[in-house]
Every structure is written in structure tokens, then in C-alpha cells.
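Encoded as C-alpha cells, the structure appears first; notes follow it.
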There are 2 protein chains.
Amino acid sequence: MHNNITTILKAIADPTRREIFHALVISATALPITQISDQFEISRQGITKHLKTLENAGLIRINTNGRERYCYADTHPLKEVNQWLKTYEEFWDDTLDNLNTYLDKS
Amino acid sequence: MHNNITTILKAIADPTRREIFHALVISATALPITQISDQFEISRQGITKHLKTLENAGLIRINTNGRERYCYADTHPLKEVNQWLKTYEEFWDDTLDNLNTYLDKS
DNA sequence: CAAATAGGCAACCAAAAAGTTGCTTATTAA
DNA sequence: TTAATAAGCAACTTTTTGGTTGCCTATTTG
């Protein structure tokens with residue numbers, strides 16, 4: 001589990017992984033892999049790879065129970081993304097002003 | 001300029017691109033491409049490719065002036081990322097609780 | 001116990017991404 | 001007006017990514 005910002009961003013940059021993550025977040029219970037892959041068109045192995053990427057980013061945890069592996073979301077790593085975003089938050093409302101200032105000057 | 005969430009996330013998922021973006025945000029003035037690429041080890045062409053990716057995500061704008069092309073950051077697309085994040089904000093503080101609930105049950 | 005189920009592992013494939021080099025063109029400066 | 005500078009374009013290479021298939025193992029269940 002790296003948990004660095006690049007790993008997290010790369011994990012959520014893929015739409016399928018965001019879908020998987022979302023499904024796990026809104027699901028009240030943890031879900032075994034097959035039950036997750038049933039919701040998607042791609043193969044179980046494809047889903048497993050995505051799950052591994054998400055797990056590596058710390059966005060999901062997997063708990064083995066017998067022959068089943070239950071997955072559940074962990075939203076904590078998103079805090080790191082939020083922190084990164086916050087650095088630029090102050091610019092959100094005035095970037096365009098700066099832009100105009102620049103255009104006026106040129 | 002797509003400006004959809006996947007395009008934006010993929011753009012910021014690369015550490016070099018985040019560095020370029022950061023350099024442009026904190027720079028008071030717009031910077032021509034050569035001046036940007038001077039700050040990095042990779043070739044100017046490599047930088048140009050990254051700039052194109054950032055521009056495509058709407059994170060930078062490029063203004064041609066004579067033989068120079070001035071780049072400046074636009075943080076607005078980050079709002080979209082922030083909105084995506086917000087969906088999960090409510091879970092940030094209690095994901096671990098849910099996790100524990102699950103573990104207790106099993 | 002036999003059959004079904006859940007999932008892992010590994011090899012493979014195609015497309016995309018990250019980067020390079022070489023060459024060309026336009027603009028500016030000496 | 002020649003030389004230098006800024007940058008684009010295109011071709012190419014390597015690595016990563018997203019996905020597949022086939023087969024094997026472990027755990028359940030009838």
C-alpha cells in the first residue's frame with residue numbers, strides 16, 4: 001500500500017475503478033469479488049486487477065472469509081487528494097481575473 | 001478541451017504534470033515553453049506533450065505572442081475534482097467505523 | 001465424496017502513455 | 001540579411017495499462 005498522491009490519483013483516474021469504488025462506498029455491506037464483477041461487462045480477472053490497484057492506493061480493503069474475499073471502500077486516502085486540491089483552492093475564484101489581467105497587459 | 005473528470009484526473013495523475021502545473025500557478029507571470037522546460041530534466045518535446053495534456057484538461061491556457069507561446073494555469077477544472085471528492089467527504093470520518101462494524105459482525 | 005463455486009496465477013495482447021531524436025518553420029536580433 | 005531562437009511536426013522506442021484466456025487451487029454444498 002503506497003498511498004502516495006500519484007498512486008491515489010492514478011487509481012481514481014480510471015472510470016471503471018471510480019465505478020467500482022463508488023459501488024463499494026454506497027453499498028452498505030462488503031462485497032465479494034464475483035458480486036462486484038457481476039455488475040460490470042469486463043471479466044472477473046479484469047475486475048481483480050482494478051481491485052488490486054484500488055487496494056494499492058488504500059482505497060479499498062479486502063478481507064478473506066473462506067473462499068470468498070470481501071471488499072470494502074476506505075475513503076481516507078481521498079483526504080490526501082483534497083489536501084493537494086486545497087493548495088489551489090485560493091486561486092479558483094481569481095484565476096480568470098489573473099488571466100484577464102494578463103490579457104490586458106499584452 | 002474535453003474537461004471531463006477522467007481527462008482532468010489523468011492530467012494531474014502524472015507527477016511531472018503536477019510539477020509543471022504548480023510552477024505555472026505560483027508563477028506571477030505566464031511562461032513561454034522553453035522557460036518551463038528549462039526547469040525540468042526531460043526534453044522540450046516531452047514538456048510540450050505534457051502541456052498539451054494539461055491544455056486538453058483545461059488546466060492551462062496557451063497564448064501565442066510572436067514566436068513565443070505563453071502558458072498560464074487555470075485552476076477552474078479542479079473544481080470538478082473537488083465536486084467528485086465531496087461526494088465521499090461524508091464518509092471520510094466514519095469509513096473506519098463502518099469497517100469496524102463489519103469486522104465485529106464477521 | 002463429487003460437483004460446483006470463488007478466486008488466484010501467469011501468459012499473452014493491443015492500445016496508450018511517456019519520452020526521445022531529427023528536421024522544419026517562423027520570428028527576432030545582430 | 002544572416003544567425004540565433006522558439007517551437008511544431010513526425011517517426012520511433014519503451015513501458016505501462018487495461019483487458020483477455022486458460023488452467024489450477026481451495027472451499028463449499030448436495
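Protein chains get the first letters and strands the later ones, always in sequence-line order, with residue 1 at the start of each.
Under the 30°/60° scheme for interplanar angles, the aromatic rings of B/Phe21 and A/Trp84 are found to be tilted.
Not one side-chain nitrogen or oxygen of A/Thr34 sits closer than 4.0 Å to the OP1 or OP2 atom of C/dT5. Distances shorter than 4.0 Å separate some side-chain N or O of B/Lys52 from OP1 or OP2 on D/dC9. Between A/Thr48 and C/dG8 there is a side-chain N or O to OP1 or OP2 distance below 4.0 Å. For the pair A/His50 and D/dG19, the criterion of a side-chain N or O lying under 4.0 Å from OP1 or OP2 is met.
D/dT15 atom C1' lies 13 Å from atom CG of B/Asp14, rounded to whole Å. In this structure, B/Leu51 places its CG atom 11 Å from C1' of D/dA7, rounding to the nearest Å. Rounded to whole Å, the distance from CD1 on A/Ile47 to P on C/dG8 is 12 Å. Atom CD of B/Glu55 and atom P of D/dA7 are 13 Å apart (whole Å). A/Ile33 places its CD1 atom 5 Å from the P atom of C/dG7, with the value rounded to the nearest Å. Rounded to an integer number of Å, the gap from B/Lys10 NZ to C/dA15 P is 15 Å. Across the protein-nucleic acid pair, B/Ile20 atom CD1 and C/dA18 atom P stand 11 Å apart, rounded to whole Å. Distance CZ (A/Arg69) to P (D/dA26): 15 Å, rounded to an integer number of Å.
Note that the CG atom of A/Leu78 and the CG atom of A/Leu85 stand 10.5 Å from one another [nearest 0.5 Å]. Rounding to the nearest 0.5 angstrom, the gap separating the CD atom in A/Glu89 from the NZ atom in B/Lys79 is 9.5 Å.
Across all strands, B/Gly46 comes closer than 4.0 Å to base atoms (heavy-atom distances). Residue-level contact check: B/Ser43 touches the bases, meaning some heavy atom is under 4.0 Å from a base atom.
Applying the 3.5 Å distance criterion, the base of D/dG8 shares a donor-acceptor pair with the side chain of B/Arg44.
Between the side chain of A/Arg17 and the backbone N or O of A/Ala11, at least one donor-acceptor pair lies under 3.5 Å.
Along DNA chain C, the nucleotide nearest B/Arg17 and the nucleotide nearest B/Gln45 are compared for position; the residue whose nucleotide lies closer to the 5' end is B/Arg17. Residue order along DNA chain D, read from the 5' end via each residue's closest nucleotide, puts A/Lys49 first among A/Lys49 and A/Arg67.
Here the shortest heavy-atom pairing between B/Thr6 and A/Pro15 reads CG2-CD, 3.9 Å.
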